[in-house]
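One structure is given below, encoded as structure tokens.
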Number of protein chains: 2
Amino acid sequence: MYTIRDVSEKTGLSAHTLRYYEKEGLLSSVERTPGGFRQYTDEDLEALGLICCLKNTGMNLREIARFVHLAQEGDKTLKERVALLREHRESVIARMNEMREYLDKVTRKLEYYSEMQRAYESAGER
Amino acid sequence: MYTIRDVSEKTGLSAHTLRYYEKEGLLSSVERTPGGFRQYTDEDLEALGLICCLKNTGMNLREIARFVHLAQEGDKTLKERVALLREHRESVIARMNEMREYLDKVTRKLEYYSEMQRAYESAGER
DNA sequence: GATTGACTTAGAGTAAACTTTAAGGTTTAT
DNA sequence: ATAAACCTTAAAGTTTACTCTAAGTCAATC
């Protein structure tokens, strides 16, 4: 069992953000101590791992919440979850290909600038 | 010479966004007709190409504006611009590597789910 | 020359994802 | 037993990047 602070340190998400995620339905039914403090389990940590993974590949919180809700409904939503993940995967791959192209353009610009800079500096030396 | 509408169509940015970018200093001194309408040149289009490229690789508008301002100051800022682009390039590469790892995780999750789904469906057939 | 449609501005509004605040209850260490 | 640290909630505030609105000006066509 982990406190919100433990989980914050493990995940890199702030305690504020963890509460916010719970409120938004990204994390379901976190246990509480008799005093009302959150007690996270290993399963919660694992769920957070997937949440971060989806978030960091560009899925928005609403979609993540939808995914989590499907998971709660059990095996009958497996097909839908697979479809959702597959679609997300495709969009991430597309995004990465797009970025690769843009990166090439940045690289070319950089080479052009480096060349200009060399010319400028050697002109200054004279 | 292009109208704001032409440029909107060519770049995929809305006319609103083009005006906004200009206001934020991303695009400098767009020419006007006697009546006050914007007239974009080919150089403006090229500058917008670089802006979109930087934006689509995750640079925020403030940094892009800074880059544009440096470019306006001429050759003496070449070194700084090279440094800025180089740093950006590194961060894009890091981002892509990170995404690749997250994508692998999504892929593994997807494979696991697909397997579960197959098992679930074959159980349903019985 | 009047109508229509595109353009102008300043400024308000929006969405997403936090982040902070205020007011108060709980645990732990001294 | 009391202070310090940590937790609770609801709700307001922030940031980024737009997006829309209102009121008016300009250009092209009938």
Practice prompt. Could you tell me whether the side chain of B:N97 and the main chain of B:A94 form a donor-acceptor pair under 3.5 Å?
Written response: no
List, one per line, each side-chain donor-acceptor pair under 3.5 Å for residues 42-52 of chain B, sequence neighbours excluded.
unit_1: B:D42; atom_1: OD1; unit_2: B:Y2; atom_2: OH; d: 2.5
unit_1: B:D44; atom_1: OD2; unit_2: B:T41; atom_2: N; d: 3.0
unit_1: B:D44; atom_1: OD2; unit_2: B:T41; atom_2: OG1; d: 3.2

Discussion item. I'd like to check the side chain to side chain contact (heavy atoms under 4.5 Å, CB included) partners of A:E80; sequence neighbours left out, ordered by chain and number.
Written reply: A:R66, A:L70
Worksheet entry | Within residues 35-58 of chain B, residues whose heavy atoms come under 4.0 Å of DNA chain D | B:G35, B:F37, B:K55
Practice prompt. Under 4.0 Å from any atom of DNA chain D, heavy atoms only: list the residues of residues 14-30 of chain A that qualify, in numerical order.
Written response: A:R19
Discussion item. Side chain to side chain donor-acceptor pair (under 3.5 Å), that's the test. Do B:D6 and B:T3 meet it? Break it down for me.
Written reply: CA-CA 5 Å; B:D6 296 334; B:T3 67; 3.3 Å; yes
Worksheet item: Which whole-number value in Å describes the distance from A:R32 CZ to D:dC7 P?
Response: 12 Å
Fill in: In one Ile/Leu/Val/Met/Phe/Trp/Tyr side-chain cluster, 4.5 Å: B:L84, A:Y102
no
Practice prompt. May I ask you to decide if A:V7's main-chain N or O and A:T11's side chain share a donor-acceptor pair within less than 3.5 Å?
Written response: yes
Item to complete: Identify the 5'-most and 3'-most nucleotides of DNA chain C with at least one atom closer than 4.0 Å to a non-hydrogen atom of chain B.
Response: C:dC7 to C:dT9
Worksheet item: Are B:E111 and B:R108 within salt-bridge range, i.e. N to O under 4.0 Å?
Response: no
Side-chain polar contacts of residues 20-28 of chain B - donor-acceptor pairs under 3.5 angstrom, sequence neighbours left out - could you list them?
unit_1: B:Y21; atom_1: OH; unit_2: B:K55; atom_2: NZ; d: 3.3
unit_1: B:E22; atom_1: OE1; unit_2: B:R38; atom_2: NE; d: 2.6
unit_1: B:S28; atom_1: OG; unit_2: B:Q72; atom_2: NE2; d: 2.9

Worksheet entry | side chain to side chain donor-acceptor pair (under 3.5 Å) against A:T33, all qualifying residues, sequence neighbours excluded | none
Fill in: Whole-Å gap separating C1' (D:dT16) and CE (B:M59)
16 Å
Response to the item:
Residues at least two apart in sequence or cross-chain that pass side chain to side chain contact (heavy atoms under 4.5 Å, CB included) with A:M116, listed by chain then number, are A:Y112, B:D75, B:L78
Worksheet item: Under the side chain to side chain donor-acceptor pair (under 3.5 Å) test, which residues partner B:E98, sequence neighbours left out?
Response: B:R95
Worksheet item: Nearest heavy-atom pair of A:S8 and A:A15: which atoms, and what distance?
Response: OG-N, 3.8 Å
Item to complete: Measure from the side-chain N and O atoms of B:N56 to the backbone N and O of B:C53, and report whether any donor-acceptor pair falls under 3.5 Å.
Response: no
Response to the item:
Residues of residues 60-67 of chain B with a heavy atom under 4.0 Å from any atom of DNA chain D, listed by number, are B:N60, B:L61, B:R62
Practice prompt. Using five pairs at either end of the helix from C:dG1-D:dC30 to C:dT30-D:dA1, determine the angle between the two local helix axes and round it to 10 degrees.
Written response: 0°
Worksheet entry | Partners passing side chain to side chain donor-acceptor pair (under 3.5 Å) against A:S114 (at least two apart in sequence or in another chain) | B:R86
Discussion item. Looking at A:T57 and B:L103, would you say the former's side chain and the latter's main chain have a donor-acceptor pair under 3.5 Å?
Written reply: no
